[in-house]
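See below for the structure under consideration.
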Amino acid sequence: MTGAGAGAGLRFLRGISGVVTAGLVVLAIGVAVTQYLGHSRGFPGPGGLSVGAHIAAAAVAVVAQRIADHRRGFSAFVGTLVVFVVTGLVLWTQWWQ
């Protein structure tokens, strides 16, 4: 794609990565709340490592999404790519193992 077609494709990709970033933030909040509730009620929670991994991944995704939203061209593409890679890593290491 070149010209306007490439811009529309990247805009769509940035939109999808924004939704993924928001989902990762909600997931991090959910894991943290689950850890807190489990600890306060005497049940095992996901653990500090898992909570930390989710929060760190959400923070990286938010920064990468901000870069993707405020830059154009290759920088925006790399920002969206980072969002997808970080989300895949946190899902792979914390949920699918």
Side-chain angles (χ1 to χ4, degrees):
M1 284 185 191
T2 60
L10 189 55
R11 190 170 32 251
F12 177 75
L13 192 61
R14 285 194 329 252
I16 298 291
S17 68
V19 171
V20 170
T21 299
L24 192 56
V25 169
V26 170
L27 183 63
I29 292 169
V31 169
V33 168
T34 301
Q35 175 66 25
Y36 172 77
L37 290 175
H39 180 72
S40 67
R41 295 178 181 176
F43 293 105
L49 181 63
S50 184
V51 172
H54 281 82
I55 291 172
V60 169
V62 166
V63 170
Q65 184 63 37
R66 183 164 168 79
I67 289 169
D69 286 341
H70 292 279
R71 305 256 173 99
R72 297 291 173 247
F74 187 70
S75 297
F77 175 74
V78 170
T80 60
L81 189 62
V82 168
V83 168
F84 294 129
V85 168
V86 166
T87 302
L89 283 173
V90 81
L91 289 176
W92 182 265
T93 60
Q94 302 301 312
W95 290 90
W96 294 329
Q97 260 194 11

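When reading the values below, keep in mind they use all heavy atoms of this one structure, side chains included, and skip hydrogens, waters and symmetry mates. Source: prediction; values computed, not measured.
Not counting sequence neighbours, the partners of Q94 by the side-chain hydrogen bond (donor to acceptor under 3.5 Å, both in side chains) test are S50. Residues satisfying the side chain to side chain contact (heavy atoms under 4.5 Å, CB included) criterion with R41, sequence neighbours excluded, are L37, F43.
To the nearest 0.5 Å, atom CZ of residue R14 and atom CD1 of residue I67 are 13.0 Å apart. Here the CZ-CG distance, from F77 to L10, works out to 8.5 Å after rounding to the nearest 0.5 Å. One distance of note links CD of Q35 with NE2 of H39; it measures 8.0 Å at 0.5 Å rounding. For the atom pair L89 CG and F84 CZ, the distance stands at 13.5 Å (nearest 0.5 Å).
Hydrophobic clustering keeps V86 apart from L49 (ILVMFWY residues linked when any side-chain heavy atoms are closer than 4.5 Å, directly or through intermediates). Hydrophobic clustering, with ILVMFWY side chains joined whenever heavy atoms are under 4.5 angstrom apart, groups I55 together with L91. The cluster map of Ile, Leu, Val, Met, Phe, Trp and Tyr, joined by side-chain heavy atoms under 4.5 Å apart, puts V83 and V63 in different clusters.
Between V90 and A53, the closest heavy-atom pair is CG2-O, 4.1 Å.
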Please tabulate, for side-chain N and O atoms in residues 18-34, each donor-acceptor pair with protein atoms closer than 3.5 Å (sequence neighbours left out).
| residue | atom | partner | partner atom | Å |
| --- | --- | --- | --- | --- |
| T21 | OG1 | S17 | O | 2.8 |
| T34 | OG1 | G30 | O | 2.7 |

